[in-house]
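For reference, the structure discussed in these notes is given below.
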2 protein chains.
Amino acid sequence: MPEDRSNKVSCNNYRCEIELTLEIIGGKWKALILWELGNHGVIRFNEFQRYITEISQKMLTQQLRYLEKNKLITRKIYPVVPPMVEYSLTELGKKLIPILKEMDVWGKDYIFERDK
Amino acid sequence: MPEDRSNKVSCNNYRCEIELTLEIIGGKWKALILWELGNHGVIRFNEFQRYITEISQKMLTQQLRYLEKNKLITRKIYPVVPPMVEYSLTELGKKLIPILKEMDVWGKDYIFERDK
DNA sequence: CGGTATCCGGGTAGATACTG
DNA sequence: CAGTATCTACCCGGATACCG
(Lines give C-alpha, C1' and ligand atoms only; values in the text may rest on other atoms or scores of the structure.)
Protein backbone atom coordinates (compact mmCIF):
# COMPACT_ATOMS: atom_id res chain seq x y z
CA MET A 1 0.00 0.00 0.00
CA PRO A 2 1.81 3.10 -1.20
CA GLU A 3 -0.08 5.24 1.31
CA ASP A 4 2.16 4.01 4.07
CA ARG A 5 5.15 6.27 4.14
CA SER A 6 5.87 5.72 7.81
CA ASN A 7 9.12 4.01 6.98
CA LYS A 8 10.38 6.52 4.50
CA VAL A 9 9.87 9.81 6.28
CA SER A 10 12.61 11.99 4.89
CA CYS A 11 14.00 13.25 8.17
CA ASN A 12 17.38 14.80 7.62
CA ASN A 13 17.11 17.78 9.89
CA TYR A 14 15.54 19.21 13.02
CA ARG A 15 12.55 20.57 11.14
CA CYS A 16 11.22 17.21 10.18
CA GLU A 17 8.42 16.92 12.71
CA ILE A 18 6.37 19.32 10.64
CA GLU A 19 6.98 17.11 7.66
CA LEU A 20 5.96 14.11 9.73
CA THR A 21 2.74 15.76 10.90
CA LEU A 22 1.96 16.86 7.36
CA GLU A 23 2.48 13.34 6.09
CA ILE A 24 -0.03 12.10 8.61
CA ILE A 25 -2.76 14.68 8.09
CA GLY A 26 -1.77 15.58 4.54
CA GLY A 27 -3.33 14.42 1.35
CA LYS A 28 -6.88 14.87 0.30
CA TRP A 29 -8.83 12.94 2.94
CA LYS A 30 -7.03 12.18 6.19
CA ALA A 31 -7.62 15.52 7.91
CA LEU A 32 -11.28 15.40 6.91
CA ILE A 33 -11.66 11.90 8.34
CA LEU A 34 -10.07 12.97 11.62
CA TRP A 35 -12.22 16.09 11.67
CA GLU A 36 -15.42 14.08 11.29
CA LEU A 37 -14.31 11.72 14.04
CA GLY A 38 -13.66 14.74 16.23
CA ASN A 39 -17.18 15.95 15.58
CA HIS A 40 -19.06 12.67 15.89
CA GLY A 41 -16.94 10.53 18.21
CA VAL A 42 -17.71 7.17 16.65
CA ILE A 43 -18.40 6.62 12.96
CA ARG A 44 -19.29 3.53 10.97
CA PHE A 45 -17.89 2.89 7.53
CA ASN A 46 -20.98 3.77 5.55
CA GLU A 47 -21.61 6.81 7.76
CA PHE A 48 -18.28 8.16 6.56
CA GLN A 49 -19.50 7.88 3.02
CA ARG A 50 -22.51 10.00 3.92
CA TYR A 51 -20.43 12.62 5.76
CA ILE A 52 -17.77 12.78 3.06
CA THR A 53 -19.87 12.16 0.02
CA GLU A 54 -17.15 12.65 -2.58
CA ILE A 55 -14.78 9.99 -1.28
CA SER A 56 -14.61 6.61 -3.00
CA GLN A 57 -14.76 3.35 -1.10
CA LYS A 58 -11.22 2.56 -2.05
CA MET A 59 -9.79 5.84 -0.80
CA LEU A 60 -11.84 5.67 2.39
CA THR A 61 -10.56 2.18 3.17
CA GLN A 62 -7.01 3.13 2.26
CA GLN A 63 -6.96 6.23 4.44
CA LEU A 64 -8.66 4.51 7.38
CA ARG A 65 -6.06 1.74 7.26
CA TYR A 66 -3.28 4.29 7.16
CA LEU A 67 -4.64 6.19 10.13
CA GLU A 68 -5.19 2.97 12.07
CA LYS A 69 -1.68 1.73 11.34
CA ASN A 70 -0.28 5.03 12.56
CA LYS A 71 -2.31 4.82 15.78
CA LEU A 72 -4.52 7.83 15.21
CA ILE A 73 -7.77 5.89 15.06
CA THR A 74 -9.06 2.55 16.35
CA ARG A 75 -11.15 0.07 14.41
CA LYS A 76 -13.71 -1.97 16.29
CA ILE A 77 -15.31 -4.90 14.52
CA TYR A 78 -18.58 -6.39 15.75
CA PRO A 79 -18.94 -10.06 14.68
CA VAL A 80 -22.51 -9.72 13.48
CA VAL A 81 -24.35 -10.21 10.23
CA PRO A 82 -24.32 -7.91 8.39
CA PRO A 83 -20.86 -6.75 9.50
CA MET A 84 -20.52 -3.64 11.62
CA VAL A 85 -17.31 -1.65 12.05
CA GLU A 86 -16.84 1.43 14.17
CA TYR A 87 -14.01 3.94 13.99
CA SER A 88 -12.94 6.38 16.69
CA LEU A 89 -9.99 8.56 17.63
CA THR A 90 -7.14 7.36 19.80
CA GLU A 91 -5.63 9.67 22.39
CA LEU A 92 -2.95 10.58 19.87
CA GLY A 93 -5.62 11.35 17.33
CA LYS A 94 -7.59 13.50 19.74
CA LYS A 95 -4.54 15.69 20.32
CA LEU A 96 -4.63 16.58 16.65
CA ILE A 97 -8.14 18.04 16.72
CA PRO A 98 -7.16 21.45 18.19
CA ILE A 99 -4.70 21.91 15.35
CA LEU A 100 -7.37 21.07 12.79
CA LYS A 101 -9.67 23.59 14.49
CA GLU A 102 -7.03 26.29 14.15
CA MET A 103 -6.53 25.39 10.51
CA ASP A 104 -10.25 25.84 10.04
CA VAL A 105 -10.15 29.25 11.75
CA TRP A 106 -7.10 30.33 9.77
CA GLY A 107 -8.76 29.27 6.53
CA LYS A 108 -11.83 31.39 7.22
CA ASP A 109 -9.69 34.39 8.10
CA TYR A 110 -7.55 33.78 5.05
CA ILE A 111 -10.53 33.93 2.70
CA PHE A 112 -11.69 37.13 4.35
CA GLU A 113 -8.32 38.87 4.27
CA ARG A 114 -7.26 37.65 0.87
CA ASP A 115 -10.33 39.04 -0.82
CA LYS A 116 -10.19 42.47 0.80
CA MET B 1 1.31 25.90 -13.59
CA PRO B 2 -0.50 22.90 -12.11
CA GLU B 3 0.57 23.97 -8.64
CA ASP B 4 -2.09 26.63 -8.59
CA ARG B 5 -5.24 25.06 -7.30
CA SER B 6 -6.64 28.31 -5.93
CA ASN B 7 -9.44 28.27 -8.45
CA LYS B 8 -10.43 24.68 -8.03
CA VAL B 9 -10.70 24.28 -4.30
CA SER B 10 -13.27 21.57 -3.85
CA CYS B 11 -15.49 23.34 -1.34
CA ASN B 12 -18.82 21.61 -1.15
CA ASN B 13 -19.48 21.79 2.56
CA TYR B 14 -18.83 23.68 5.79
CA ARG B 15 -15.67 21.75 6.51
CA CYS B 16 -13.79 23.06 3.56
CA GLU B 17 -11.59 25.60 5.30
CA ILE B 18 -9.44 22.78 6.60
CA GLU B 19 -9.15 21.53 3.07
CA LEU B 20 -8.26 25.02 1.94
CA THR B 21 -5.57 25.41 4.58
CA LEU B 22 -4.19 21.99 3.75
CA GLU B 23 -4.04 22.86 0.09
CA ILE B 24 -2.00 25.92 0.94
CA ILE B 25 0.48 24.37 3.35
CA GLY B 26 0.19 20.82 2.05
CA GLY B 27 2.52 19.03 -0.28
CA LYS B 28 6.15 18.32 0.27
CA TRP B 29 7.70 21.78 0.52
CA LYS B 30 5.35 24.68 1.25
CA ALA B 31 5.15 24.27 5.02
CA LEU B 32 8.92 23.91 5.17
CA ILE B 33 9.42 27.10 3.19
CA LEU B 34 7.04 29.01 5.47
CA TRP B 35 8.74 27.53 8.51
CA GLU B 36 12.16 28.70 7.37
CA LEU B 37 10.78 32.15 6.69
CA GLY B 38 9.31 32.16 10.19
CA ASN B 39 12.73 31.32 11.60
CA HIS B 40 14.88 33.63 9.53
CA GLY B 41 12.59 36.51 8.56
CA VAL B 42 14.08 37.23 5.16
CA ILE B 43 15.61 34.60 2.90
CA ARG B 44 17.26 34.82 -0.49
CA PHE B 45 16.75 32.23 -3.18
CA ASN B 46 20.03 30.44 -2.82
CA GLU B 47 19.81 30.58 0.95
CA PHE B 48 16.66 28.48 0.68
CA GLN B 49 18.65 25.88 -1.16
CA ARG B 50 21.09 25.75 1.72
CA TYR B 51 18.37 25.54 4.36
CA ILE B 52 16.35 22.96 2.45
CA THR B 53 19.11 21.05 0.77
CA GLU B 54 16.97 18.35 -0.84
CA ILE B 55 14.73 20.68 -2.84
CA SER B 56 15.37 21.16 -6.54
CA GLN B 57 15.54 24.58 -8.14
CA LYS B 58 12.43 23.91 -10.10
CA MET B 59 10.33 22.90 -7.11
CA LEU B 60 11.64 25.80 -5.05
CA THR B 61 10.66 28.29 -7.73
CA GLN B 62 7.31 26.62 -8.24
CA GLN B 63 6.41 26.61 -4.56
CA LEU B 64 7.61 30.17 -4.00
CA ARG B 65 5.44 31.36 -6.89
CA TYR B 66 2.47 29.51 -5.48
CA LEU B 67 2.92 31.03 -2.03
CA GLU B 68 3.41 34.49 -3.50
CA LYS B 69 0.33 34.20 -5.65
CA ASN B 70 -1.70 33.18 -2.64
CA LYS B 71 -0.39 36.15 -0.63
CA LEU B 72 1.51 34.21 2.00
CA ILE B 73 4.93 35.56 1.05
CA THR B 74 6.29 38.66 -0.67
CA ARG B 75 9.04 38.73 -3.27
CA LYS B 76 11.35 41.70 -3.34
CA ILE B 77 13.67 42.10 -6.30
CA TYR B 78 16.77 44.29 -6.12
CA PRO B 79 17.81 45.50 -9.58
CA VAL B 80 21.47 44.71 -9.14
CA VAL B 81 24.01 42.52 -10.86
CA PRO B 82 24.11 39.71 -9.96
CA PRO B 83 20.39 39.59 -9.22
CA MET B 84 19.19 39.54 -5.64
CA VAL B 85 15.74 38.44 -4.54
CA GLU B 86 14.45 38.36 -1.01
CA TYR B 87 11.45 36.48 0.28
CA SER B 88 9.53 37.19 3.47
CA LEU B 89 6.19 36.39 5.11
CA THR B 90 3.11 38.54 4.64
CA GLU B 91 0.81 39.19 7.59
CA LEU B 92 -1.35 36.31 6.39
CA GLY B 93 1.69 34.08 6.25
CA LYS B 94 2.82 35.07 9.72
CA LYS B 95 -0.52 33.97 11.15
CA LEU B 96 0.26 30.49 9.93
CA ILE B 97 3.47 30.11 11.92
CA PRO B 98 1.82 29.28 15.28
CA ILE B 99 -0.02 26.42 13.60
CA LEU B 100 3.22 25.12 12.12
CA LYS B 101 4.80 25.34 15.58
CA GLU B 102 2.01 23.23 17.03
CA MET B 103 2.41 20.72 14.24
CA ASP B 104 6.07 20.50 15.16
CA VAL B 105 5.22 19.97 18.83
CA TRP B 106 2.57 17.40 18.00
CA GLY B 107 5.00 15.55 15.76
CA LYS B 108 7.59 15.26 18.50
CA ASP B 109 4.99 14.05 20.99
CA TYR B 110 3.64 11.64 18.39
CA ILE B 111 7.02 10.00 17.89
CA PHE B 112 7.44 9.66 21.64
CA GLU B 113 3.97 8.22 22.32
CA ARG B 114 3.82 6.01 19.25
CA ASP B 115 7.02 4.21 20.15
CA LYS B 116 6.17 3.59 23.80
C1' DC C 1 -22.30 -3.96 5.32
C1' DG C 2 -17.76 -3.29 4.62
C1' DG C 3 -14.72 -4.21 2.25
C1' DT C 4 -10.70 -6.15 -2.22
C1' DA C 5 -8.74 -6.33 -6.78
C1' DT C 6 -7.59 -4.30 -10.98
C1' DC C 7 -7.00 -1.02 -14.43
C1' DC C 8 -6.06 3.68 -15.83
C1' DG C 9 -5.23 8.88 -16.48
C1' DG C 10 -3.22 13.04 -14.92
C1' DG C 11 -0.46 15.69 -12.07
C1' DT C 12 3.62 15.97 -8.92
C1' DA C 13 8.18 15.98 -8.60
C1' DG C 14 13.04 14.74 -10.26
C1' DA C 15 17.04 15.35 -13.52
C1' DT C 16 19.31 17.90 -16.73
C1' DA C 17 20.42 21.71 -19.68
C1' DC C 18 20.20 26.49 -20.63
C1' DT C 19 19.84 31.93 -19.64
C1' DG C 20 19.43 37.29 -18.53
C1' DC D 1 22.35 34.72 -8.73
C1' DA D 2 18.02 33.34 -9.71
C1' DG D 3 15.74 31.56 -12.34
C1' DT D 4 13.26 28.68 -17.39
C1' DA D 5 12.51 24.81 -20.33
C1' DT D 6 11.94 20.14 -21.37
C1' DC D 7 11.60 15.43 -20.78
C1' DT D 8 10.41 11.67 -17.89
C1' DA D 9 8.98 8.48 -13.98
C1' DC D 10 6.10 7.59 -10.51
C1' DC D 11 2.20 7.31 -7.65
C1' DC D 12 -2.16 9.34 -6.09
C1' DG D 13 -6.70 8.97 -6.66
C1' DG D 14 -10.94 7.71 -9.60
C1' DA D 15 -13.88 4.11 -11.80
C1' DT D 16 -15.45 -0.31 -11.98
C1' DA D 17 -16.21 -5.00 -10.70
C1' DC D 18 -16.35 -8.55 -7.35
C1' DC D 19 -16.66 -10.84 -2.41
C1' DG D 20 -17.43 -12.88 2.77
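Predicted model only: the values in this text are computed from it and were never measured. In what follows, chains carry the letters A, B, and so on, assigned in the order in which the sequence lines appear, proteins first and then strands, with residues in each chain numbered from 1.
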Starting at atom CZ of B:Phe45, determine the distance to atom P of D:dA2, rounded to an integer number of angstrom.
8 Å
To the nearest Å, give me how far apart CD (B:Glu86) and P (D:dC1) are.
15 Å
The bend of the helix from C:dC1-D:dG20 to C:dG20-D:dC1, taken between the axes of its five terminal pairs at each end and rounded to 10°, is 60°
The remaining residues in the hydrophobic cluster of A:Phe112, counting side-chain heavy-atom contacts under 4.5 Å among Ile, Leu, Val, Met, Phe, Trp and Tyr, are none
Can you tell me the distance, in whole Å, between the CG atom of A:Leu60 and the P atom of D:dG14?
11 Å
Using ring pair (Phe, Tyr, Trp, His ring centres under 6.0 Å) as the criterion, list what pairs up with B:Trp106, not counting sequence neighbours.
B:Tyr110
Please give the remaining members of the hydrophobic cluster of A:Val42, linking ILVMFWY side chains under 4.5 Å, ordered by chain and number.
none
Could you list the residues that satisfy side-chain contact (heavy atoms from CB on, under 4.5 Å) with A:Gln57, not counting sequence neighbours?
A:Phe45, A:Gln49
What pairs with B:Glu47 under salt bridge (Lys or Arg N to Asp or Glu O under 4.0 Å), at least two apart in sequence or on another chain?
none
Quickly work out the B:Met59 CE to D:dT6 P distance and round it to whole Å.
18 Å
Find the distance B:Glu23:CD to C:dG11:P and express it as a whole number of Å.
14 Å
Between C:dA13 (C1') and B:Ile33 (CD1): distance, integer Å
13 Å
Under 4.0 Å from OP1 or OP2 of D:dG3: is there any side-chain N or O of B:Tyr87 that close?
yes
Which nucleotide in D:dG13, C:dG14, C:dG2 has an atom nearest any side-chain atom of A:Lys28:
D:dG13
Members of residues 73-82 of chain B that approach DNA chain D, where some heavy atom sits under 4.0 Å away
B:Arg75, B:Pro82
dist B:Leu60:CG -> B:Leu64:CG (nearest 0.5 Å) comes out at 4.5 Å
Take the protein atom CD of A:Gln63 and the nucleotide atom P of D:dG13, then report the distance between them rounded to whole Å.
6 Å
Under 4.0 angstrom between B:Arg44 side-chain N/O and D:dC1 OP1 or OP2:
no
B:Arg65 side chain N/O closer than 4.0 Å to the phosphate oxygens (OP1, OP2) of D:dT4?
yes
Base, backbone or nothing for each nucleotide of nucleotides 15-20 of chain D, written B, S, -, heavy atoms under 4.0 angstrom, 5' to 3'?
B----B
Could you tell me the separation between the CD atom of B:Gln62 and the C1' atom of D:dG3, rounded to a whole number of Å?
13 Å
Strictly by salt bridge (charged side-chain N to carboxylate O under 4.0 Å, His left out), give each pair with a member in residues 92-103 of chain A just once, sequence neighbours left out.
A:Glu91-A:Lys94, A:Lys95-B:Asp109
Distance in Å, B:Gln63 CD paired with B:Ile52 CD1, rounded so as to fall on 0.5 Å steps:
10.0 Å
What pairs with B:Ile111 under side-chain contact (heavy atoms from CB on, under 4.5 Å), at least two apart in sequence or on another chain?
A:Glu17, A:Leu20, B:Arg114, B:Asp115
Residues B:Thr90 and B:Thr74: side-chain donor-acceptor under 3.5 angstrom:
no
Which residues share a side chain to side chain donor-acceptor pair (under 3.5 Å) with B:Ser56, sequence neighbours left out:
none
Donor-acceptor pairs are to be reported for all side-chain atoms of residues 75-86 of chain B against protein atoms at under 3.5 Å, with residues two or more places apart or in another chain.
from: B:Arg75; atom 1: NE; to: B:Tyr87; atom 2: OH; distance (Å): 3.2
from: B:Tyr78; atom 1: OH; to: B:Glu86; atom 2: OE1; distance (Å): 2.9

